[in-house]
Every structure is written in C-alpha cells, then in structure tokens.
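Residue numbering restarts at 1 for every chain, and letters A, B, ... go by the order of the sequence lines.
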Protein chains: 2
Amino acid sequence: MSGSQKVKVYEEVLQQVKAYIEEHHLSPGDKLPSERELSELLNVGRSSIREAFRALELLGLIETRRGEGTFMRTYRPYHMVELLSTFILHEARTKEELAAAKMMLELEVINKILPLLTEGHIEHLTSLVKGTNSEKEAQTLHHSFFQYLFEISGNELLNRMWQLIDGFANTVHDFTFSNSFYKKVLEEMERGKLNDVRSWYEKELNLSN
Amino acid sequence: MSGSQKVKVYEEVLQQVKAYIEEHHLSPGDKLPSERELSELLNVGRSSIREAFRALELLGLIETRRGEGTFMRTYRPYHMVELLSTFILHEARTKEELAAAKMMLELEVINKILPLLTEGHIEHLTSLVKGTNSEKEAQTLHHSFFQYLFEISGNELLNRMWQLIDGFANTVHDFTFSNSFYKKVLEEMERGKLNDVRSWYEKELNLSN
DNA sequence: TCTCTAAGCAAGGTTATTCCTCCTTCGGGA
DNA sequence: TCCCGAAGGAGGAATAACCTTGCTTAGAGA
C-alpha cells in the first residue's frame, strides 16, 4: 500500500531542536534545555531526545557535559570527519567531487581578497611559506595559508564551507602542494592577477595523485 | 578508578562497529547485526547501540529499515550536508555572503562544463532563455538554467551545495537577472571564454540590490 | 497441486523506569 | 571569611515492555 512515509521521531526532534535554536536565537556557548525538559516539551521519550543529541554531537554541532547540560558549540568538524574517513576511502566519485569543491573555494577566496590585500598580509603569508621546510608541515601550511585568506575575506559562510570540505578532503586524499605553488600564488597576488593560479592548482593536484 | 571515564559507550560502539565492518569486509548493501545481537555481543544496552546507529544513519553511512535490519550504504554526504548547512547558515548568513557563495557556485559550474558543452546543450539553454519573457518567470529561468548546467557537470556535491544556497538566497533576497545576462553567458559559452562573465554577474547583482 | 491466508517470528521504533555518576550550588560550622 | 559536605540537577546507561512492519511458513480450501 502507501509507502510508509514514517518520519522517525529522532528526525522530528532534530527539526524541533533546530527550530528551538532559531526561535531563541541561541549562539555557541548557550545552553539547550535538558534532555528531560525537551522530552516533556516535545512529548517524546527521553531516548529519542538522546538519539537526536548524540547525532548532533557526532556532527560537532553541540556538546554535552555530564551533570551540566547540553550546549551549542562553535562548529568543529573534527570528530565526524575522523569517523567518516574510514568508511569512504574507496569511493572515487565523491573523492573527485570533494577535490573540485575544495579547489573552487580556495580559488574563490584568493580572488575575493585580491582588492583587500595589504603589504602586511603578503608579509605574513610569505613568512608562513618560508617557515615551512619539512614535508610533514606541508598540510599544516596549506591549512593555515588558506585559513588566513578566509579570515581576510571576512566571509564566514565561505570559510565554514571550506573548513568542512577541507576536513573531508584531507581524510580521503593527501593534498600536498609543493612549496613553489604558494610562492607563485604570492607573486601573482602582488601583481593583482590570478588568471593562471587555476592551472597551477590543477598541476599540483596531478602531481599528488 | 581514575575518576572520569570520559569515553561514552556509544562512541565505543562506533569504534566497535567500524572494526566489525572491517573485519567482516562489509560492503554497501550488506547487513549489520541486529541491535539486540550487537547489544549482547558488545555487552552494552540496546539504547547505546541505537544512539550509535542513529548517528551513523545521520551521517549517511548506514540505513535502517524497520522490521528488516540495518544495512551498509553507499556513502552520500548530501544528507548530512543539508543538516549541517542549515546550522552553519544560521550562524553566518548575511545577504552578501549568500550572494557571494551563490555566485561562486554558478560561475564554477559554467567553468566546469565548458569543455563538455555540445550543440545540443546550447540549443536547450537558448530555448530556455527565449521562452522566458515575463518577469514572473525570471526566477524559474535562473533556477532551470543553472540546474541544467549542474546536471551536465555531473558533480552532485556542487549541485547540492548550490541548491541549498540558492534556496536560502531566494528567501532572503530576490535575485533577478535580466534576460540579456543569459544571452551573454551563452555567447561566451560558444566562444569557450568566460573571463568576463564574472563582471556581468556582478553588475546584475548591483542592479538588483 | 496450487493459491491464499493466518500465525509466528525477527527486527526496528518508542517509551518508561530505574539506578548511577558527575557537577554545581548553597548553607552551616570552624 | 573560608571550607566542606549534603542536596539537587543533569547526563549516562541498562533494561523491560509494547508496538509496528515485513518476511516466512504452514495449513486450509479450491
């Protein structure tokens, strides 16, 4: 007969919690109602609340402290990404999609900050690159390099999208960029031109494949 | 006892499940042990198993079918991306950021499909644009125009991201593009050049501000 | 023999209860 | 004033109970 469109209670709870957060304008650090309170408020069992909370916790959106309560959290994808990594290593298609999204975001942020760049910015970035010699630090360099760019851009949304994608991408694939990549980017930044960065970027990707 | 045994049971279960999957070489479609079985096997309550399963389900790694069991699933990040996005967007959604993200995605998809374009694609897009005369249909045109491009690109992740941003953007602000915008885009597509699309795009945004 | 139906069973869905542990608070005594 | 301990609040966890769904199978009837 009619395909059971049954929405699970914990999914319903997720939506309700989301609505609650919006309604009360909760920000990171703010306290959510206790499991028992929510249980009564939404007329569902405490277990269902817990199932929803544990899912949100794994995503990194909330934090629950025993004896204290459950709190909003500034988003950190760390926990979830680590778990996912072991499951999705073999799916090539999503791997490519992740790489594409990552590249898009990183090229975009470079493009966006071009008009905002100051001497100080360039110096900071240069010192970042020059301070990195070992292979080990390469991934850290990449992250802090672009993190700095996103901070300059001031676009929180793009920044969060990037952090998420970057986390995933790094578990699936080792994006290692040669030191010269950053140097070239810096050179072009100083000239205010970025037309060729894309092609360099793509070359780097091929190298590390 | 050193007091705080910080690791929650459901987190332990996550690791055990991961180990089980690896040990038994489970692939998408394969069945996991039932909640009750796992509960006995790992010597934890069924609630804890459920908390772990619900978290995995939300991540998109497993699928549970009532009365049947729990099964491995081919990973699709889109489910989770959706939930995350609503939270992330809630934290950081200014009109400008949404517009920037939207523009980035739309320019990106144009760029990505350039090498893939055929005569048929161009014709389809042209007929879309020419068939739209009224202001009312403008938003629909924009959506179907780019939806078609994303389909050509085949990148599900970018498509998903765009749909989310587009949905949000449209609720916050009316992005209306003049008909000539699409014509220009099509012209440049045929030439295989896209350098100037960005500037047109930005002009359109200013017009509609 | 074939087919349809009803019973049984397995599995998830949901809730309620109970007990435990940890943290915060608050009040009394030194 | 300061310190300590009891009480209460909140999450952590286990367990039992009952429901719905879907599959399987045995049996009755055509």
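Protein atom CZ of B/Phe71 is 13 Å distant from nucleotide atom C1' of D/dT21, rounded to whole Å. Following rounding to the nearest Å, B/Ile49 (CD1) and D/dG12 (P) show an atom-to-atom distance of 17 Å. One interatomic measurement links the two molecules: CG of A/Leu38 to P of C/dA16, which rounds to 15 Å at whole-angstrom precision. If you take NZ of B/Lys8 and C1' of D/dG12, they are 9 Å apart, rounded to a whole angstrom. Between A/Arg65 atom CZ and D/dA10 atom C1' the separation is 12 Å, expressed in whole Å. When rounded to the nearest whole Å, the span between CD of B/Glu35 and C1' of D/dT15 equals 14 Å. A/Glu51 places its CD atom 9 Å from the P atom of C/dT15, with the value rounded to the nearest Å. Across the protein-nucleic acid pair, A/Arg66 atom CZ and D/dG8 atom P stand 20 Å apart, rounded to whole Å.
Projected onto DNA chain D by closest heavy-atom contact, A/Pro33 and B/Val44 fall at different nucleotides, the more 5' of which corresponds to A/Pro33. Projected onto DNA chain C by closest heavy-atom contact, B/Glu37 and A/Ser39 fall at different nucleotides, the more 5' of which corresponds to B/Glu37. Both A/Ser34 and B/Glu68 lie close to DNA chain D; mapped to their nearest nucleotides by heavy-atom distance, the more 5′-ward contact belongs to A/Ser34.
One finds a side-chain N or O of B/Thr70 lying less than 4.0 angstrom from the OP1 or OP2 phosphate oxygen of C/dG12. Checking the phosphate oxygens (OP1, OP2) of C/dG13, a side-chain nitrogen or oxygen of B/Thr64 falls inside 4.0 Å. Contact check, B/Arg46 against C/dG13: no side-chain N or O comes under 4.0 Å of OP1 or OP2. Phosphate proximity of C/dT15 to A/Ser48: present, with a side-chain N or O under 4.0 Å from OP1 or OP2.
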Quick one, B/Asn159 with B/Asn155, criterion side-chain hydrogen bond (donor to acceptor under 3.5 Å, both in side chains). Give me CA distance, side-chain angles, the key distance, then yes/no. CA-CA 6 Å; B/Asn159 190 344; B/Asn155 188 316; over 6 Å; no

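In summary, B/Lys8 and A/Glu57 engage in a salt bridge, as defined by a charged side-chain N under 4.0 Å from a carboxylate O. Under a 4.0 Å N-O distance rule, the pair B/Arg46/B/Glu35 qualifies as a salt bridge. The pair A/Arg160-A/Glu156 meets the salt-bridge criterion, with a side-chain N (NZ, NE, NH1 or NH2) lying under 4.0 Å from an Asp/Glu carboxylate O.
Here A/Ser47 lies in heavy-atom contact (under 4.0 Å) with a base. Using a 4.0 Å heavy-atom cutoff across all strands shown, A/Gly67 reaches at least one base atom of the nucleic acid.
We find the CE-CZ distance between A/Met161 and A/Phe150 to be 9.0 Å, quoted to the nearest 0.5 Å.
Checked by distance alone, A/Arg36 brings a side-chain donor or acceptor within 3.5 Å of a matching partner on the base of D/dG11.
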